[in-house]
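Presented below is the structure to which this report refers.
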Amino acid sequence: MSKVIFITGASKGFGKLWAEAFLKRGDKVAATARNTEALNDLVNTYGENILPLTLDVNNREEVHTVVQKIGQHFGRIDVLINNAGYGLFGTTEETTEAQARLQMETNFFGSLWVAQAVLPVFRKQKSGHLIQVSSFLGLTTLPMLGLYNASKFAVEGLIETIGSEVAHLGIKITLIEPNGYATDWAGASATQTSSDIADYAPVREAFSSSSESADTWGKPEATVEPILNIVDNPNPPQRLLLGKMAYHGMHQVYTQRLKDIEAWKEVSIAAHGH
């Protein structure tokens with residue numbers, strides 16, 4: 001049976017790639033973007049099975065209007081893939097207030113507004129799957145991405161909490177945590193802080209050097225089968241790392257965290273007071 005998939009940020013990158021994969025196999029897709037002209041090729045190929053809609057996820061009222069339109073057009077929403085977001089590169093000190101607020105507005109609040117708009121639909125259906133595109137940088141950090149890291153840490157806490165609140169209603173959640181991929185995320189879609197403070201030059205150089213290896217960046221096409229698998233699985237995972245860099249990196253991080261927890265176990269327990 002075909003599913004109705006709602007994907008935000010579908011004009012490029014993961015969003016468009018996954019939208020086409022769902023359409024190819026016969027699902028129906030509500031695809032949103034700030035500029036829907038980028039979806040014309042999918043409309044020409046898949047006709048009524050795709051509903052392109054203009055959406056700025058920062059506009060809460062517009063988000064609710066779009067969800068109503070999807071319901072009127074397709075009658076239901078089986079899966080939400082909350083994908084809209086972007087990267088802000090630069091040191092934390094050099095980040096302006098406007099840059100910091102917009103990063104959180106889009107990556108965190110945008111995800112919140114979309115989730116809040118779709119959850120009533122899922123509750124009425126007594127079913128639904130909320131898939132949130134996060135990042136492995138919602139679990140650990142890299143320098144030069146402080147506000148991006150923070151936005152994804154916040155998203156992780158938000159979606160995990162939602163999962164605990166709606167599980168008894170037949171609603172599932174999955175956090176997708178990719179490492180870097182060869183999409184526009186680090187290119188045209190990204191923004192950059194100033195780089196005026198000379199003290200940070202070694203940090204910038206180290207970050208740039210670490211990004212030069214082609215092996216660092218995953219192939220976007222390789223994520224298609226995992227996403228189809230997650231959508232079709234009756235018991236999807238709460239979290240899924242995408243990419244070998246994410247897997248190996250997080251394995252190392254959590255191994256060290258467990259060692260630190262155990263090393264300070266007695267101090268932690270004593271701090272309880274009784």
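- Heavy-atom contacts from other residues, nucleotides or ligands closer than 6.0 Å to CD of E61 number 12 or fewer.
- By the 30° and 60° cut-offs, the orientation of the rings of H274 relative to H272 is tilted.
- Pairing each heavy atom of A84 with each of V57, the nearest pair is CB-CG1, 3.9 Å.
- We find the CD1-CZ distance between I70 and F6 to be 4.0 Å, quoted to the nearest 0.5 Å.
- The existence of a salt bridge linking R25 and D232 is confirmed by a sub-4.0 Å separation between a basic side-chain nitrogen and an acidic carboxylate oxygen.
- Between L228 and E225 the shortest side-chain heavy-atom distance falls below 4.5 Å.
- Note that the CD atom of Q99 and the CD atom of Q103 stand 9.5 Å from one another [nearest 0.5 Å].
- Hydrophobic clustering (ILVMFWY, side-chain heavy atoms < 4.5 Å, transitive): I176 and F153 are in distinct clusters.
- Ion pairing of K152 with E156 is absent here, as no side-chain N (NZ or NE/NH1/NH2) approaches a carboxylate O to less than 4.0 Å.
- In this structure, the separation between CZ on R204 and OG on S208 is 11.0 Å, given to the nearest 0.5 Å.
- Put simply, L158 and L175 are part of the same group of oily side chains (I, L, V, M, F, W, Y) that touch within less than 4.5 Å, one to the next.
- Between the side chains of W18 and T223, at least one donor-acceptor pair of N or O atoms lies under 3.5 Å.
- Paired with S151 under the rule side-chain contact (heavy atoms from CB on, under 4.5 Å), one option of N107, L88, L137 passes, and it is N107.
- Counting heavy-atom neighbours within 6.0 Å of Q116 CD, excluding the residue itself, gives a total above 12.
- Looking at Q192, its side chain does come within 3.5 Å of a backbone N or O of F89 through a donor-acceptor pair.
- Side-chain N or O atoms of T45 include none that pairs as donor or acceptor with a backbone N or O of L42 at under 3.5 Å.
- Hydrophobic clustering, with ILVMFWY side chains joined whenever heavy atoms are under 4.5 angstrom apart, keeps L142 apart from M245.
- Both L139 and V253 are assigned to one and the same hydrophobic cluster, defined by single-linkage of ILVMFWY side chains at heavy-atom distances under 4.5 Å.
- Across all their heavy atoms, A100 and T95 have their closest contact at N-CG2, 3.8 Å.
- Between the OG1 atom of T8 and the CG atom of D56 there is a distance of 11.0 Å, given to the nearest 0.5 Å.
- One N or O on the side chain of Q125 and one on the backbone of S127 form a donor-acceptor pair closer than 3.5 Å.
- Within 6.0 Å of CD in E37 there are 12 or fewer heavy atoms belonging to other residues, nucleotides or ligands.
- Across N179 and F136, no two heavy atoms sit closer than the pair CA-CD2, 3.5 Å.
- Test V79, D78, L80 against F122 for side-chain contact (heavy atoms from CB on, under 4.5 Å) and you get one pass: L80.
- What you find for T174 and P236 is that their closest heavy atoms are OG1-CB, 3.7 Å.
- To the nearest 0.5 Å, atom CG of residue L102 and atom OG1 of residue T96 are 9.0 Å apart.
- Within a 6.0 Å radius of NZ in K3, more than 12 heavy atoms belonging to other residues, nucleotides or ligands are found.
- Note on V155 and F109: same hydrophobic cluster, where clusters join Ile, Leu, Val, Met, Phe, Trp and Tyr whose side-chain heavy atoms are under 4.5 Å apart, directly or indirectly.
- Looking at every heavy atom in both residues, K16 comes nearest to S11 through CD-O, 3.5 Å.
- If you check the side chains of T106 and N58, you find a donor sitting under 3.5 Å from an acceptor.
- When the options N49, I50, I81 are evaluated for a side-chain contact (heavy atoms from CB on, under 4.5 Å) with F22, the one that passes is I81.
- The line from CG of N149 to CE of M144 is 11.5 Å long, rounded to the nearest 0.5 Å.
- Judged by the 6.0 Å distance and 45° axis criteria, R257 is positioned over the aromatic ring of Y254.
- A side-chain N or O of E94 and one of T91 form a donor-acceptor pair less than 3.5 Å apart.
- Summarising the local packing, NE2 of H73 is surrounded by more than 12 heavy atoms from other residues, nucleotides or ligands at distances under 6.0 Å.
- Side-chain atoms of K172 come within 3.5 Å of backbone N or O of P234 as a donor-acceptor pair.
- Contact of the K265 side chain with the I261 side chain is not registered, since no non-hydrogen atoms from C-beta on lie closer than 4.5 Å.
- A pairwise comparison of heavy atoms in S2 and G26 identifies CB-O, 3.3 Å as the closest pair.
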